[in-house]
Amino acid sequence: MIFPQLKLESNPSESRIIQFKGYDVRNTIDDGSMRQMRNMSTDEYPNLAPRKKRGTYSRAYTNPRVIMQRMGKLAVITDDAFWYDGIKRISLDPDITEERRMVAINTRIVIFPDKVWFDINKGDTPSDSWGYLENTVNITDIAVHRNPVTYEAEITITPATGEDLTGFLKGDAISISGLTTVGADGYDNNLENAIIENIDYDNNKIWIAEGWVHYPTEDASDWTESGTFTMFRKVPDLEYVLEYNNRLYGTAGNTIYASKLGDPTNWYFYSTGTADASYAVEVSTDGEFTGIAPLPNQIVFFKENCIHKLYGYKPSNYQLITTQNVSGLEKGSEKSVELVNSTLYYKSREGIMVYTGDSPVLISPQFGNDRYYEAVAGTDKSKYYVSMKKRGDDSRHFFVYDISKEMWCEEDHTNANSFAYIDDLLLYVDNTTMDIKETVGRDNLEEDEVEWYARFGDYDEFIENKKVYSKMQMRLKMAEQTQAQVWISVDGGAWESVCHVETVDERVVELPIIPRRCDKFAILITGKGNVKIESLTRVVREGTSR
């Protein structure tokens with residue numbers, strides 16, 4: 001018996017995207033990911049929606065460079081001044097071309113490389129509200145007397161005309177250079193990091209602890225010298241600095257420094273056995289330091305391929321652990337470091353990393369082969385915002401990482417130079433407009449409606465033959481006075497507009513998208529205003545190979 005030949009038919013298959021997964025430019029991506037986007041966000045996940053409008057926080061500053069929140073107020077550094085709570089507090093040297101850094105310790109804000117401090121609690125008394133970390137006094141005569149009981153050195157100083165000792169304090173580590181008297185056992189009596197035990201400003205006397213002055217002979221009690229001397233309190237030329245447990249830590253060259261406890265003016269207070277002593281250690285690893293960051297139980301000192309971790313709370317129990325051949329902080333991206341819930345986020349040469357104290361982990365594989373540099377970041381504790389330059393064309397790209405959803409979105413080409421989180425607002429300095437702006441606007445919204453786009457695909461269904469799409473539609477929830485337009489590219493061809501919609505009132509729209517028979521296609525949706533993309537559905541069946 002001969003049976004009739006059955007006709008083979010392919011059943012249509014339906015794919016529905018209801019979870020939109022953010023930015024991804026790798027070779028193979030999920031259906032709900034986007035290869036290009038502008039001004040999109042994860043706020044409405046699993047739906048896709050534009051970011052919220054930004055706002056302008058302040059246009060009151062001329063060329064703001066660095067911002068920081070302290071005690072609920074905004075601190076701002078401009079080209080030539082330091083401002084706190086909207087008031088100019090210190091005039092800074094306009095000739096300093098190095099990028100300035102601010103760090104807070106107790107009631108003070110410290111500025112590098114100027115090496116000046118501002119005391120928040122004394123802000124209403126300008127005469128003593130700020131000062132210099134370093135201090136220098138020129139001296140013409142010096143007389144030394146040894147107390148026969150305590151063996152402290154009592155030093156009487158004759159300051160040069162117009163100078164005094166008021167810039168020094170009890171507990172300072174000071175040095176005096178220019179002395180020629182040779183002390184016991186051949187010691188040069190140029191004092192180095194001697195600690196002031198007491199100070200008498202009226203009579204220009206200071207008392208130095210036993211052991212710092214070496215007398216010309218063992219039984220000598222007094223000596224004098226005239227000439228040109230310098231008494232000074234010095235601070236290292238720190239490249240990177242932070243506060244941790246009421247002490248400043250920093251790096252200069254290949255050395256790690258820690259200040260005296262609670263005192264940013266003293267970095268050479270080497271008082272044996274005391275918990276408030278300063279600290280310094282030189283490391284032997286290759287390369288230069290690239291940044292510094294805190295973790296709950298350690299301080300992290302970065303190099304590009306190395307991480308030094310300092311444990312302990314005082315010099316006597318400090319422990320320095322070194323991990324080499326890891327993805328450390330990229331040179332020039334020191335402002336990308338942010339701490340969120342005991343986790344550090346930072347930019348390495350490979351991409352954005354997370355670090356909790358073990359091994360750094362890459363969280364930006366979605367960037368594919370694209371490489372970025374000079375990253376500057378901020379956080380509102382739920383998202384990590386980072387502005388970076390792209391290698392190849394030096395264009396700026398402003399990315400946002402949703403920490404809980406582990407997804408990236410690209411907003412635009414904003415060139416941010418500094419971030420600060422204050423009063424539930426994440427602020428940034430816009431290097432293009434030179435204003436201080438809000439990542440999510442509160443009152444002073446600078447945008448009428450956000451313009452956005454998202455590019456999906458390519459979709460090829462992993463079928464060898466041509467595909468026939470019998471149904472394709474996108475479901476949108478559109479607010480009033482918004483618009484959207486859908487474009488399609490077939491087999492890598494030019495973009496063709498397939499539908500356009502504008503709303504007067506809020507409504508739900510289902511847009512039909514029917515590509516002709518093809519191997520693959522891509523979809524681009526552009527729009528303006530608050531439009532939520534809820535789903536993308538496609539029904540496909542396999543065609544012939546021709």
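Positions are given from 1, in the same order as the sequence printed here.
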Quiz item: For Phe289 and Phe302, what are the C-alpha separation, side-chain angles and deciding distance, and is it a ring-ring contact (aromatic ring centres under 6.0 Å, His included)?
Solution: CA-CA 6 Å; Phe289 282 109; Phe302 285 106; 9.9 Å; no

Self-check item: Separation between OH of Tyr355 and CG of Leu339, rounded to the nearest 0.5 Å
Solution: 12.5 Å

Quiz prompt | Pairs satisfying ring-ring contact (aromatic ring centres under 6.0 Å, His included), at least one member in residues 56-76, at least two apart | solution = Tyr61-Trp83

Practice problem: First locate atom CG of Asp458, then atom CG of Asp491, and finally report the distance between them rounded to the nearest 0.5 Å. | Solution: 9.0 Å

Under 3.5 Å, sequence neighbours excluded: what are the donor-acceptor pairs made by side chains of residues 526-535?
| residue | atom | partner | partner atom | Å |
| --- | --- | --- | --- | --- |
| Thr526 | OG1 | Trp487 | NE1 | 3.4 |
| Glu534 | OE1 | Arg475 | NE | 2.8 |

Quiz item: Under 30°, 30 to 60°, or over 60°: which ring-plane class applies to Tyr84 and Phe118, parallel, tilted or perpendicular?
Solution: tilted

Exercise. Please report the C-alpha distance between Lys335 and Glu99 in whole Å, then the side-chain angles of each, then the deciding distance to 0.1 Å, and finally whether the salt bridge (charged side-chain N to carboxylate O under 4.0 Å, His left out) criterion is met.
Key: CA-CA 11 Å; Lys335 292 193 287 186; Glu99 190 159 19; 2.5 Å; yes

Exercise. Evaluate the ring planes of Phe419 and Tyr428, with Trp represented by its six-membered ring, and classify them as parallel (under 30°), tilted (30 to 60°) or perpendicular (over 60°).
Key: tilted

Quiz item: Can we call the ring centroids of Phe399 and Tyr372 under 6.0 Å apart?
Solution: yes

Self-check item: From CD1 (Ile109) to CE (Met71), nearest 0.5 Å
Solution: 8.5 Å

Got a list of side-chain donor-acceptor pairs under 3.5 Å for residues 496-508, not counting sequence neighbours?
| residue | atom | partner | partner atom | Å |
| --- | --- | --- | --- | --- |
| Ser497 | OG | Gln485 | NE2 | 2.7 |
| His500 | ND1 | Gln485 | OE1 | 3.4 |
| His500 | NE2 | Glu502 | OE2 | 3.0 |
| Thr503 | OG1 | Ala479 | O | 2.7 |
| Thr503 | OG1 | Gln481 | N | 3.4 |
| Thr503 | OG1 | Thr482 | N | 3.1 |
| Thr503 | OG1 | Thr482 | O | 3.4 |
| Thr503 | OG1 | Thr482 | OG1 | 3.0 |

Self-check item: Salt bridge present between Asp435 and Arg59 (N-O < 4.0 angstrom)
Solution: yes

Quiz prompt | Pairing residues for Arg35 by the side-chain contact (heavy atoms from CB on, under 4.5 Å) criterion, not counting sequence neighbours | solution = Ile29, Arg455

Quiz item: Tell me, which pairs form a salt bridge (Lys or Arg N to Asp or Glu O under 4.0 Å) where one or both residues lie in residues 285-311, sequence neighbours left out?
Solution: Glu288-Lys331, Glu304-Arg349

Quiz item: Would you call Asp394 and Lys389 a salt bridge, using N to O less than 4.0 angstrom?
Solution: no

Practice problem: Would you please test Phe82 and Trp130 for ring-ring contact (aromatic ring centres under 6.0 Å, His included) and show each step? | Solution: CA-CA 11 Å; Phe82 165 78; Trp130 73 279; 9.8 Å; no

Quiz item: Taking only residues two or more places apart in sequence, or in another chain, which ones meet Val66 in a side-chain contact (heavy atoms from CB on, under 4.5 Å)?
Solution: Ile77, Met102, Ser418

Quiz prompt | Plane angle bin for Tyr345 and Tyr401 - parallel if under 30°, tilted between 30 and 60°, otherwise perpendicular | solution = tilted

Exercise. With rounding to the nearest 0.5 Å, note down the distance linking CG in Leu476 to CG in Leu511.
Key: 4.5 Å

Practice problem: Please assess Glu334 against Arg101 for the test salt bridge (charged side-chain N to carboxylate O under 4.0 Å, His left out), listing each intermediate value before the final yes or no. | Solution: CA-CA 11 Å; Glu334 67 276 2; Arg101 296 176 173 88; 3.5 Å; yes

